[in-house]
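All remarks here apply to the structure that follows.
All chains are named by letter (A, B, ...) in the order of the sequence lines, taking the proteins before the strands, and each is independently numbered beginning at 1.
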Amino acid sequence: MPSPKILVIGIGNPLRGDDGVGQGVIKALRADVQSCFVKYRDVFQLLPEHAADLAEVSHVIFVDACVEGRPGTVTRHKFQSVLQAPTRAIGHHLSPDWLLWACQSWYGRSPEAVLYTVSGCDFDHQESLSPPVISAVPVATHLIKQELQSLLSQQSQYTGLNVHRDA
Amino acid sequence: MSNTLVIEPITRIEGHAKITIQLDEQGAVTGTQFHVTQVRGFEQIAAGRPFREMPALMARICGICPVAHLIAGSKACDEILAVRIPPTATKLRRILNLAQIIQSHALSFFYLSAPDLLLGMDADPAQRHVIGLANADPELARGGIRLRQFGQQVIERLAGERIHPAWVIPGGVTAPLTSELRQEILGEIPEVKALAQNALDVFKRVLPNFAMEIESFANFPTMFMGLVGSDGALEYYDGLLRLVDADGNVVQSAIAPEAYEDYIAETLEPHTYLKSPYYRPLGYPEGIYRVGPLARLHIAERCGTPLADAELNVFRDIPADQRRSGFYYHYARLIEVLHGIEKMEILLDDPDILNKRVQASASPNNQEGVGIAEAPRGTLIHHYQIDEHGLITAANLIIATGHNNPALEKGITQVAQRFVDGNQLTEGALNRVEAVVRAFDPCLSCSTHAIGQMPLDIRLVAGDGQLVDRVMR
């Protein structure tokens, strides 16, 4: 079986309200887009060992909650090559740009990376998402699904595999 | 006029704590206190819960070593059920516990302490973290990351989740091992074994650079305690408790789990929420002892696996009065990683490991049960009592960090007296005070750990409240 080339990581704590949206989107994607080239992970936070996971794939898509912006807004950010260590201090977890830099620095390569964020408004102790974030989950899922299908099409050019496309 | 120096928070440890250092008028250290500032109350939360919930509930205590709580909790419940769990379930629980010890030790050594060991205690704190380590020695850092990843992946693949898996239950485990997974893990063993050996080689190479630390990091005599197997070998899952004194003489050879209260008592210090256990027959503080990797290598006669036993023999070439230094917790941790990998391979090679019978069922037959296992940081005791409906009426948990608390605090005083000059604070001296804490690898709340640049604000305050000196990073 071919190894996954695309890693989708949902970041956040589902016990802290809207912070769990990353994992919520991953859950929806897992049910919707299944391919041997795609690997899904849900994590509470990014840690140094995730650099090893990144080093094994050509593309990574991060999905995370965001405290800025109108609640429910979905934003896509594409990372440029990370050649220098990000300047801000590191705490007990890493940001995607830190992780990409670490991956490049330690393993000599890093995947192409995008970050989807969903703006949240309620990060209190609860397992449910706020109404605007609930509405944003299918939007984010659809956008990432499109991106995955585009990437999988590129993969099929190399492998000759047929990739199923939904309407 | 006396002064007090406060280090808060202590960085690169599991959880939150602070240290206060008392200075006399000349700026010399007269005493220290280690404060664990959180209260969590899990023993109270347990009251009234069905006992079968306890393993999964108590595993929530810790995000680093939930498996140890899961196992100790399940063993206590096995005792309540009075069941002998299937031998395969015991082996699978052992593998899970070893995986956790490997990942936790890798976290402690490579992420938290190796920056001090490889970059130096006086290195720039802006670089003295795992990222800085990776820049200085990428091969070692990648190896550390891989070892931690291996341990975590074994837990995830075996038990379903890296953190808080619910696969271990009273009576056994919920699902057997598949032959595919067995082969997958066995296929990774040679790689991780080589990584562990490399880390030991690197550590032994830098060891001569730390003579000052070795002779001042909690090198005083204490007893050591931990589980040993019936053959006297290193044991994490079963066996009986053994205590030896600082010279290696056996104080208690075989304490049965249910008798732990006859030998271990706890006291409270007013400055911390962490209890201070001690060996009851000697009283407090004479009865302080240490647990964890260093203790285990002192109480066990051998590891029981060839590569680790060879490393243990090298370790035992160190004179006995030096070998008890808390600095050697790091050394012991690496030997245990190697042993854990070897032991895991032995267990996976056992044909019985694929046996489908992994669970025994029963109703409660006892009204109390004690489960003891060796967590990465040392002996973990879960003791539950239930009523006629199977609801918890009392729970007592003694965690590894608690056992070590009195010796840790004494070690902090020793290091502070050796390195801290109240008239001239240096970052390297204060880092050594933190480093002795890291050597013990305490797990205080299990909720957070830091990589390098945490806000550290150390103030030297005079008795009248006047700020004398301040170091920030």
So A:E49 and B:F110, do their side chains get closer than 4.5 Å, heavy atoms only? no
Would you indicate whether the side-chain heavy atoms of A:L47 and B:Y111 approach each other to under 4.5 Å? no
Evaluate whether atom NZ of A:K27 has more than 12 neighbouring non-hydrogen atoms of other residues, nucleotides or ligands under 6.0 angstrom away. no
Please classify the contact between B:Q152 and chain A as side chain, backbone, both or neither, with a heavy-atom cut-off of under 4.5 Å. side chain
Note: A:P48 and B:I145 closest approach over all heavy atoms is O-CD1, 4.1 Å
Side chain from CB out, backbone as N, CA, C, O: work out which of these in B:A134 comes under 4.5 Å of a heavy atom of chain A, or both, or neither. both
Any chance CD of B:E139 has more than 12 other-residue heavy atoms, nucleotides or ligands included, within less than 6.0 Å? no
